[in-house]
Protein chains: 2
Amino acid sequence: MTLVDVAKVAGVDLSTVSRLLRDDRAASYRPETRARVLAAAEQLGYRVNAQARALRLGRQDSIAILVPDLDNFGFTAVLRGVQEACEEAGVTLLISEIGSSAPERTDRLAALAGRVDGVLVAHAQDTDTALQAWLDDIRLPSVFVQRSIPGASVSVLFDEENNAAAMVDHLVAMGHRDIAHLSGDLSTDTAKRRKVGFDSAMAAHGLSIPRGRRADGGWNIEGGRAAAEKLVAGRKRPTALAVDSLVQAIGMLGALHAKGLSIPDDISVITIDEHPLAAHTTPPLTTVYLDQRELGRRAATALLDWVDGTPAQNLIVESPSDIIDRGSTAPPVAQ
Amino acid sequence: MTLVDVAKVAGVDLSTVSRLLRDDRAASYRPETRARVLAAAEQLGYRVNAQARALRLGRQDSIAILVPDLDNFGFTAVLRGVQEACEEAGVTLLISEIGSSAPERTDRLAALAGRVDGVLVAHAQDTDTALQAWLDDIRLPSVFVQRSIPGASVSVLFDEENNAAAMVDHLVAMGHRDIAHLSGDLSTDTAKRRKVGFDSAMAAHGLSIPRGRRADGGWNIEGGRAAAEKLVAGRKRPTALAVDSLVQAIGMLGALHAKGLSIPDDISVITIDEHPLAAHTTPPLTTVYLDQRELGRRAATALLDWVDGTPAQNLIVESPSDIIDRGSTAPPVAQ
DNA sequence: CTGTTAGCGCGTTCAG
DNA sequence: CTGAACGCGCTAACAG
């Protein structure tokens, strides 16, 4: 099932088979030859050898995406968008989980480097110098997805300030004035930008943010829970909670329920990120919808273009920041 | 940064470099040569070209795992176990989502075939003949993970009958006699085997399963919700619900809450699958713990061994079926 | 329109 | 202990 085999069966040269099977349109072969070759290939079940092809062409037709945590369902929509774009481009996608800076991470990255034409990065803390060093080292095109590292590669981002502001606007429109911000991991720029957006929006409404009204929820369930506990611990609770991610919101719900708080009667909550799960929590969560799928598509496309020779540029993907209202917010009541 | 480059810098033949860098121990080279080569490699930042190596050796040092749905957090622990095993073996893992039988799935599969030495399959409905055909076609070692197709390849499974029985035993021990089974997709053998286990366990306790006490929840949130609605719709509710997966349990919670049922006061619930999420639902869920990570490891190891020449055998991974009691079950009360 | 030829980078005999 | 030479399967000139 190699080119020579097919050529032998078809009674032509292997280069003819190679061209015929690939270009198809380009060369107008004699119908007879064409038929013979196609028949032989079919009969033998011929498949090009991806490795030989990669070796010859110096390109892999495959890219990788580095994700922090496969458990994080806040990110699957992005993955799906990336998959789609890759599919359309006929490129294989390699998904790799690279959690914390474990030592074996280096090996995984090293193995990856030789197998792909470029890499998408969905994992980046400002301090992750090891990752940055690796990216420099491999000299492959790389694009950060919904993350960015200062002074580093290209990024495809949402307007996160806008997203955070959307939460504030929604809550203020309901009459809230004492709003707490359950932030994502503040060592990531995504969380930083949302913080800025939150603060600006509050200021725009003439509201201040007293001490104790922000907590870092670390982008995970447990962090969200701990942060929520802190935010509602004081004598005077905020009347509403704006949460940076759905994953953290899950933890928050646990904390609020444990404390016997009823949503939205005692406290309103809203979160960024949309996922099937949001419709099935208790209560269902009002969310800021982000088109993560589109973000994934755009990031993948940018990377693929870069691989093809067109350097990618930083890109902000417009997202409607639409509110999906599932009733977890309501006007505040006097405590 | 190829072998020749290193050889040139080190002033030796490229074959020397090749041996030295790989065997290391095998050949006892002159320390001097050794040092020169290593230094040159280091200096040039040499990396073997995975493609050339694969072409030469006829092996990719990489395997793929086919998953139905990356959104399904019930499966990430398996993935993690697989990743670990691959890491230890120095093998690259290719994760690929192959949802329904979309037409583009074929392309994705075809591209995969040339890049891996074998494939793990975590997606299998008895009726998925296209997938089966592909597996036959590629003639690569393949192992099914927590799934099996009748008469097909090798499987690495849990004792699912035992797992379902664990739910029944726990509930019966609490005093329940009227237990409903919210099953997984009954076209998958996993669900079928759990059904058998559930029924046997009930029979062993001298309990029967009246009509309307089982519903197919399709392995997803929405299916779980719909099935739960059906199960508690009748005049006389069951006193307890045994759910086949955490994902479905999420949907179930939504349904029960919407109906105003309180857990475990009005109805007890228990589910198979452990995940961080289970500790943070309302209420937290009592679960049957499965060592999915170990399952993943074993499956990956079996496949890797097969790739190395030792055909894999069907394998049942012992799992303790331990109950993690988070209080979502309680003795039944008269209605 | 089709065959010939020359590598892509590497691992492996076989000599020496 | 090290070098020389071949070929894995494929593509892209270049002939014819």
Side-chain angles (χ1 to χ4, degrees), chain A residues 1-41 44-62 90 92 110-111 113-117 138-139, chain B residues 1-38 40-41 44-62 90 110-111 113-117 138-139:
Chain A
M1 42 173 192
T2 99
L3 274 187
V4 260
D5 297 333
V6 178
K8 214 168 289 172
V9 171
V12 296
D13 189 84
L14 86 168
S15 63
T16 303
V17 181
S18 174
R19 274 175 304 220
L20 205 43
L21 257 35
R22 217 159 358 86
D23 288 326
D24 211 350
R25 65 212 163 85
S28 34
Y29 295 87
R30 266 172 42 216
E32 179 191 322
T33 315
R34 205 184 120 79
R36 270 219 314 282
V37 170
L38 259 38
L44 270 53
Y46 171 78
R47 296 275 157 70
V48 308
N49 179 315
Q51 268 55 46
R53 190 164 202 280
L55 182 58
R56 181 62 236 254
L57 296 179
R59 75 132 70 198
Q60 319 284 344
D61 280 334
S62 104
T92 299
R115 297 175 186 277
V116 297
D117 301 316
I138 59 174
R139 293 166 180 285
Chain B
M1 45 175 189
T2 101
L3 273 187
V4 260
D5 297 333
V6 178
K8 212 168 292 171
V9 171
V12 297
D13 190 83
L14 85 168
S15 62
T16 304
V17 181
S18 172
R19 274 175 302 221
L20 205 40
L21 257 36
R22 218 160 354 85
D23 287 329
D24 210 348
R25 63 211 165 85
S28 35
Y29 294 86
R30 268 175 36 220
E32 179 191 322
T33 315
R34 204 183 122 80
R36 270 219 314 284
V37 170
L38 259 36
L44 269 55
Y46 171 78
R47 299 272 159 69
V48 306
N49 179 314
Q51 270 57 45
R53 190 163 203 284
L55 182 57
R56 182 63 237 256
L57 296 179
R59 75 132 70 196
Q60 318 284 343
D61 281 333
S62 106
R115 298 176 184 277
V116 298
D117 301 318
I138 58 174
R139 294 167 181 286

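Lettering of chains follows the sequences in order, A, B, ..., and the numbering in each one begins at 1. These numbers come from the heavy atoms of this one structure, side chains and all, not from hydrogens, waters or symmetry mates.
The phosphate of dC8(D) has neither OP1 nor OP2 within less than 4.0 Å of any side-chain N or O from Thr2(A). OP1 or OP2 of dG11(C) sits under 4.0 Å from a side-chain N or O of Arg53(B). In terms of phosphate contacts, Thr16(B) brings a side-chain nitrogen or oxygen within less than 4.0 Å of OP1 or OP2 of dG3(D). For dT2(D), one of the phosphate oxygens OP1 or OP2 lies less than 4.0 angstrom from a side-chain nitrogen or oxygen of Arg30(B).
Of all non-hydrogen atoms in Ile138(B) and Ala113(B), the two that sit nearest each other are CG2-CB, 3.5 Å. Considering every non-hydrogen atom in both Arg53(A) and Asp61(A), the closest pair reads NH1-OD2, 3.4 Å. When every heavy atom of Leu55(B) is checked against every heavy atom of Ala52(A), the shortest pair comes out as CD1-CB, 3.8 Å. Contact between Gly11(A) and Arg36(A) at its shortest, heavy atoms only, is O-NH2, 4.0 Å.
Position along DNA chain C of the nearest nucleotide to Leu14(A) versus Leu57(B) favours Leu14(A) as the more 5'-ward residue.
Contacts of Val48(B) with the nucleic acid, taken as non-hydrogen atoms under 4.0 Å apart, involve only primed sugar atoms and P, OP1 or OP2. Within 4.0 Å (heavy atoms only), Leu3(A) reaches at least one base atom of the nucleic acid. If you check every strand for non-hydrogen atoms under 4.0 Å, Leu55(A) touches a base.
Under 3.5 Å, the side chains of Ser62(A) and Arg115(A) contain no donor-acceptor pair of N or O atoms.
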Mind listing the N/O atom pairs, protein and nucleotides 13-16 of chain D, below 3.5 Å?
none

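Between the CG atom of Leu44(B) and the P atom of dG9(C) there is a distance of 14 Å, given to the nearest Å. Straight-line distance from the CG atom of Asp5(B) to the P atom of dC8(C): 11 Å, rounded to whole Å. If you measure from atom CZ of Arg36(B) to atom C1' of dT2(D), you get 11 Å, rounded to the nearest angstrom.
At distances below 3.5 Å, not a single donor-acceptor pair connects side-chain atoms of Asp117(B) with backbone N or O atoms of Arg59(B).
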